[in-house]
Amino acid sequence: MSNSNIRARLREIRDKVESEERLSLQDGLFLYEPDVSIQAIGELANYVRERMNGNVGYYNINTHLNPTNVCVYRCRFCAFRKDLRDQNGYAMTDEQILERGREATANGCTEMHIVGGLHHQRKYEWYRDMLSLLKENFPQIHLKAWTAVEIDWFRFQTKKSFRWVLEDMREAGQGSMPGGGAEIFHPEVRDQLCEHKANTPSWIEIHKTAHEIGMKTNCTMLYGHVEKAYHRIDHLMRLRELQDKTGGFQVFIPLAFHPENTQLSDLKKPSGLMDLRTIAISRLMLDNVRHIKAYWIMLGIETAQTALAYGADDIDGTVRHELIYHDAGAQTPEFLSVDQIQQLIREAGRDPIERDTTYNRVIRDPNDFTKWHSGESVDVELASV
């Protein structure tokens, strides 16, 4: 395509964006063309980001809990899972789980992100009781737990419906769902990566059901492996379609693939430019998802910081005890302090605001950092400005 044709096509897309007209599949594919300026895409994504979320950079204070790395599935992109007899396989005890809760409380965490392997010798009750144990002892901490892949496994274990599992887990203490397990929806790619685990219709049905019972969820896309631009845009459009129906997605997180220690270790990880292009295109395509997260654990601190000018308005949080992406070769720190997070947001020219899992402003006791409560929804605040 000639430079003049590229400029004309960009003008068409800019006109659509400025008039809040939805972008099409062909628009998304065009934006992934290597000859299309990433600066132009970033500028347009930043326009949408500021229209939707102002000049804010959100973060939270959170910890991860990966209760086991033993897993029945053998996804080609996973470096975390272990076999039952592997010397590095583990399953946490109740006391280890309680200790994680005590540590989270002592550090002022508002959220515990709970995902892990599907241990075929652990019954459904082990997973459920884990939430009950945490909720009983640390009632203020929000439990963002179980991807759709785990919910699908729990359905298999219990022989119940998705709704029954989700309602039972909610009763035990589950507050919301992370967006993991989406990978790439298109079967051409999904069948290559993880052919045996929860398929695309199941992932979508689980999130749809969660939304129907009033549970907020996140959504993700794993990119930079064997997929092509078409598969990414197709994935985004499927998420957009479900959001049109339910409105239950809070935030979209593009996840950069880390090939080290996986069955796809011959691949190169996506470049920083591909990361920024994907974040920007995601912001432009997902016109009905309020927040876009630049997950610093996977992107690296510098790229996540830059992403705040390419469509992202959130960089996740302090992230204690993250194992899954570090096992896959992530070189990022295993923890960032609140001061460090606030500084990198300010360096990007944004105003740091701490939010809880469901995007309410967190209000801290000025005399005791570990004491906090949730205030008004940040989205309501923005709407009133």
Side-chain angles (χ1 to χ4, degrees), residues 58-67 92 97-116 127-148 150-151 165-181 206-207 210-211 213-220 247-253 289-291 293 295 297 313-322 324 335-336 338 341 352-365 368-381:
Y58 294 109
Y59 70 95
N60 71 337
I61 300 179
N62 60 345
T63 188
H64 282 222
L65 177 68
N66 306 126
M92 294 176 73
I97 290 165
L98 285 170
E99 179 55 35
R100 190 64 59 82
R102 287 190 285 268
E103 180 192 48
T105 300
N107 286 280
C109 291
T110 63
E111 170 190 292
M112 186 174 286
H113 178 115
I114 307 172
V115 297
Y127 292 91
R128 187 194 192 280
D129 291 349
M130 189 184 309
L131 299 192
S132 296
L133 184 68
L134 288 165
K135 202 64 184 177
E136 288 168 7
N137 287 276
F138 315 101
Q140 193 175 19
I141 295 179
H142 181 102
L143 305 181
K144 184 177 75 178
W146 313 139
T147 68
E150 285 150 310
I151 298 297
V165 171
L166 286 164
E167 289 179 339
D168 193 49
M169 282 293 182
R170 182 173 62 180
E171 183 179 337
Q174 182 181 3
S176 64
M177 276 180 63
I206 289 164
H207 281 263
H211 299 168
I213 68 170
M215 184 183 291
K216 295 293 186 181
T217 75
N218 298 347
C219 52
T220 64
F249 289 132
Q250 301 185 112
V251 57
F252 173 70
I253 310 106
V289 177
R290 188 64 175 261
H291 303 285
K293 184 185 293 183
Y295 187 33
I297 286 282
D313 61 283
D314 192 306
I315 60 167
D316 204 81
T318 48
V319 196
R320 292 173 175 271
H321 301 293
E322 195 288 319
I324 293 173
F335 168 78
L336 284 180
V338 173
I341 283 184
I353 289 184
E354 183 186 354
R355 48 89 183 168
D356 66 11
T357 308
T358 53
Y359 283 85
N360 303 299
R361 184 188 283 263
V362 171
I363 301 167
R364 297 272 169 187
D365 184 330
D368 185 348
F369 184 79
T370 66
K371 295 180 179 178
W372 60 274
H373 68 274
S374 294
E376 191 171 35
S377 165
V378 299
D379 297 338
V380 170
E381 289 182 10

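The analysis underlying the following values was restricted to heavy atoms, covering all of them including side chains, and did not include hydrogens, waters or symmetry mates.
Rounding to the nearest 0.5 angstrom, the gap separating the NZ atom in K144 from the CG atom in N60 is 7.0 Å. Note that CD of E103 and CZ of F138 are 10.5 Å apart. Values are rounded to the nearest 0.5 Å. Atom NE2 of H373 and atom CD1 of I363 lie 3.5 Å apart (nearest 0.5 Å). Atom NZ of K135 and atom CG of L143 lie 5.0 Å apart (nearest 0.5 Å). For the atom pair R170 CZ and I213 CD1, the distance stands at 4.0 Å (nearest 0.5 Å).
The side-chain heavy atoms of I61 and R364, taken from C-beta on, include a pair separated by under 4.5 Å. Looking only at side-chain heavy atoms (C-beta outward), N62 and C109 stay at 4.5 Å or farther from each other. Here the side chains of I297 and D316 are not in contact, with every heavy-atom distance at 4.5 Å or above. The side-chain heavy atoms of R361 and E376, taken from C-beta on, include no pair separated by under 4.5 Å. By the 4.5 Å heavy-atom criterion applied to side chains, M130 and I97 are counted as neighbours. The closest side-chain heavy-atom distance from F249 to H211 is below 4.5 Å. The shortest distance between side-chain heavy atoms of L131 and I114 falls below 4.5 Å. Counting heavy atoms from C-beta outward, I141 and L134 have side chains that stay 4.5 Å or more apart.
In this structure, P352 and Y59 approach most closely via the heavy-atom pair CB-CE2, 4.1 Å. For the residue pair A104 and M112, the shortest heavy atom distance occurs at CB-CE, 4.3 Å. Closest approach of T318 and I341 over heavy atoms only: N-CD1, 3.6 Å. The minimum heavy-atom distance between S176 and M215, with the atom names listed, is CA-CG, 3.8 Å. Listed here is the closest heavy atom pair of H207 and P178: CE1-O, 3.6 Å.
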Candidate pair M169 and L166, rule side chain to side chain contact (heavy atoms under 4.5 Å, CB included), full reasoning | CA-CA 5 Å; M169 282 293 182; L166 286 164; 5.9 Å; no
Report the C-alpha separation of E354 and V338 in whole Å, then their side-chain angles, then the decisive distance to 0.1 Å, and conclude whether the side chain to side chain contact (heavy atoms under 4.5 Å, CB included) test is met.
-> CA-CA 9 Å; E354 183 186 354; V338 173; over 6 Å; no
Criterion side chain to side chain contact (heavy atoms under 4.5 Å, CB included) on Y295 and D314, from CA distance to verdict = CA-CA 8 Å; Y295 187 33; D314 192 306; over 6 Å; no
Can N107 and T63 be said to form a side chain to side chain contact (heavy atoms under 4.5 Å, CB included), step by step?
-> CA-CA 9 Å; N107 286 280; T63 188; over 6 Å; no
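Ring geometry for H291 against Y359 counts as parallel: the plane angle stays under 30°, on a 0 to 90° scale with 60° as the upper cut.
Not one N or O on the side chain of T217 forms a donor-acceptor pair closer than 3.5 Å with the backbone of M177. R100 places a side-chain N or O within 3.5 Å of a backbone atom of H64 that can act as its donor or acceptor partner. Here the side chain of Q140 pairs no donor or acceptor atom with the backbone of T105 at under 3.5 angstrom. Checking side-chain atoms of N66 against main-chain N and O of V115 turns up a donor-acceptor pair under 3.5 Å.
Legend: residues meeting ring-ring contact (aromatic ring centres under 6.0 Å, His included) with F252, ordered by chain and number and at least two apart, are absent.
For the side chain to side chain donor-acceptor pair (under 3.5 Å) with S374, the qualifying choice from T357, N360, D356 is D356, the only one to do so.
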